[in-house]
> 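Okay, here's the structure, questions in a sec.
Both backbone and side-chain heavy atoms feed into the values below; hydrogens, waters and symmetry mates do not. Residues: numbered from 1 along the sequence shown. Keep in mind it's a predicted model, so treat the numbers as computed, not measured.
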Amino acid sequence: MKVKMQFWLRYGSENLQLPVNPSSFEVASPYGIEVIEVDNLGEITIPKNRGLQEFRFESFLPEKYDPTYCVHNRIIPPNDFIEIIEGWRDEEKPVRFTVTTANINTLVLIPEFTYRPSPPGSPGEIQFSISLKEYRVPVIKKLTSTAVSSKKSSKMAQRPPKQETKPKTYTVRPGDTLWSISMKFYKTGSKVDAIHQANKKVIGKDPNKIYPGQKLVLP
């Protein structure tokens, strides 16, 4: 005996089965890729992550049971069916979508639900189309203390050792004075005494007596 395909939507303890199976049923299963240009090779593709599946189908809601097209006899008024679907959607929480014999059992959101009331010649019947988007539960990974400590130690290992800064030196040229040297390196003459104190062994007691060729430390 051939088993008929069944389309179910479930939210909490509530269940809805489509009374009439869609005439067509489409599943979009995207997969991300990146195309880059490589010298001497041309374009190459790099696989990324799997995208969210999308399910799209159309059907209609009959006003009463008809065995020629209905897959079950638990028919509810079309307006009640619509109210239930829109109520689930507005809760902003995932709904479980199941299609038997098609290996589909997925949490989804309802981004689009369109319906057209009562076509001519079918009073009370409502045609509809619906789009369902796979809901993927966000997972936030927590770093363990071991992972955090290893990251810290890795950063410390990568950090270059501090280099000891050697004092700057300057070799006196003809015409130099401590004032001109202070202005040249510090943009101020207030460092004359500091330069003299740092180089007393070379200059002596008189800061005005410096000679070409003397190597002075710049504090």
Side-chain angles (χ1 to χ4, degrees), residues 11 26-56 88-97 105-113 131-219:
Y11 181 74
E26 182 179 351
V27 180
S29 183
Y31 194 92
I33 62 169
E34 182 180 359
V35 179
I36 62 174
E37 183 81 20
V38 178
D39 290 343
N40 301 322
L41 287 178
E43 290 186 335
I44 65 170
T45 54
I46 299 175
K48 296 293 185 180
N49 296 320
R50 180 181 73 80
L52 299 175
Q53 287 186 319
E54 186 172 353
F55 309 94
R56 294 182 290 267
W88 291 353
R89 178 199 60 195
D90 296 346
E91 287 290 330
E92 299 180 358
K93 293 181 180 178
V95 175
R96 182 155 302 275
F97 176 56
N105 184 22
T106 309
L107 285 175
V108 297
L109 295 174
I110 308 173
E112 185 179 343
F113 180 51
S131 176
L132 308 174
K133 193 79 169 183
E134 179 185 358
Y135 175 80
R136 188 174 294 168
V137 180
V139 178
I140 301 175
K141 293 183 179 180
K142 290 185 178 180
L143 288 176
T144 62
S145 57
T146 306
V148 172
S149 61
S150 65
K151 275 197 170 184
K152 285 183 178 179
S153 60
S154 175
K155 284 185 179 179
M156 292 178 66
Q158 293 173 3
R159 189 178 298 164
K162 290 185 178 179
Q163 295 182 349
E164 293 184 4
T165 56
K166 294 182 179 179
K168 292 182 180 179
T169 60
Y170 175 72
T171 303
V172 179
R173 297 178 181 178
D176 279 341
T177 64
L178 292 188
W179 175 269
S180 66
I181 294 170
S182 177
M183 290 297 295
K184 180 175 182 179
F185 289 98
Y186 301 106
K187 309 301 181 186
T188 176
S190 63
K191 295 288 185 178
V192 168
D193 187 59
I195 298 172
H196 180 226
Q197 293 299 324
N199 297 277
K200 232 175 184 181
K201 289 183 180 180
V202 178
I203 299 173
K205 293 181 180 180
D206 190 348
N208 295 315
K209 292 183 178 180
I210 60 173
Y211 303 98
Q214 289 178 320
K215 185 173 284 188
L216 304 181
V217 174
L218 299 177

> Measure the CD-CD distance between Glu26 and Glu54 for me, rounded to the nearest 0.5 Å.
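Between Glu26 CD and Glu54 CD, I get 8.0 Å after rounding to 0.5 Å.
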> Would you indicate whether the side-chain heavy atoms of Tyr186 and Pro219 approach each other to under 4.5 Å?
yes
> Before you tell me yes or no, could you show the steps for Asn208 and Thr177 under side chain to side chain contact (heavy atoms under 4.5 Å, CB included), namely the whole-Å CA-CA distance, both residues' side-chain angles and the distance that decides it to 0.1 Å?
CA-CA 7 Å; Asn208 295 315; Thr177 64; over 6 Å; no
> Which distance, rounded to the nearest 0.5 Å, do you find between the CD1 of Ile44 and the CD of Glu37?
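Result: 9.5 Å between the selected atoms.
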> Write down the atom of Lys187, the atom of Lys184, and the distance for their closest heavy-atom approach.
NZ-O, 3.9 Å
> Shortest non-hydrogen contact from Ser29 to Gln53?
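Looking at all heavy atoms of both residues, the closest pair is OG-NE2, 3.7 Å.
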> Around Asp206, counting heavy atoms of other residues, nucleotides and ligands shown, do more than 12 lie under 6.0 Å from its CG?
yes
> In Å and rounded to the nearest 0.5 Å, what is the CG to OG1 distance from Leu216 to Thr171?
8.0 Å
> If you take all heavy atoms of Arg136 and Gly51, which pair is closest and at what distance?
NH2-O, 3.4 Å
> State, yes or no, whether a side-chain contact exists between Val217 and Val202 at a heavy-atom distance under 4.5 Å.
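SC-SC contact between Val217 and Val202 ruled out.
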> Step by step, work out the side chain to side chain contact (heavy atoms under 4.5 Å, CB included) result for Val108 and Tyr135.
CA-CA 5 Å; Val108 297; Tyr135 175 80; 5.6 Å; no
> Are any non-hydrogen side-chain atoms of Leu132 and Val95 less than 4.5 angstrom apart?
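Leu132 does not reach Val95 side chain to side chain.
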> What's the separation between atom CG in Asn199 and atom CD in Gln214, rounded to the nearest 0.5 Å?
8.5 Å
> Mark yes or no for whether Ser131, through its side chain, and Arg56, through its backbone, hold a donor-acceptor pair below 3.5 Å.
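Side chain of Ser131 to backbone of Arg56: no pair is present.
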> Quick one: pull up CG in Leu107 and NZ in Lys93 and give me the separation to the nearest 0.5 Å.
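So the CG of Leu107 and the NZ of Lys93 are separated by 13.0 Å.
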> Taking CD in Glu92 as the centre, count heavy atoms belonging to other residues, nucleotides or ligands within less than 6.0 Å. Is the count above 12?
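Not buried by this count: 12 neighbours or fewer within 6.0 Å.
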> With rounding to the nearest 0.5 angstrom, report the CH2 to CG distance, Trp88 to Leu109.
13.5 Å
> Taking all heavy atoms of Tyr31 and all of Lys48, pick out the closest pair and write down the distance.
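In this case the closest contact between Tyr31 and Lys48 is OH-O, 3.0 Å.
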> Grab the two heavy atoms, one from Leu52 and one from Pro30, that are nearest each other, plus how far apart they are.
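Residues Leu52 and Pro30, closest heavy atoms: O-CD, 3.3 Å.
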> Please report the shortest heavy-atom distance between Ile33 and Pro47, naming the atom on each side.
CG2-CA, 4.3 Å
> Would you sort out whether Tyr170 and Ile195 count as a side chain to side chain contact (heavy atoms under 4.5 Å, CB included), showing the intermediate values?
CA-CA 11 Å; Tyr170 175 72; Ile195 298 172; over 6 Å; no
> So Ile203 and Leu178, do their side chains get closer than 4.5 Å, heavy atoms only?
yes
> Using only atom types and a distance under 3.5 Å, with no angle test, would you say the side chain of His196 pairs donor to acceptor with the backbone of Gly204?
yes
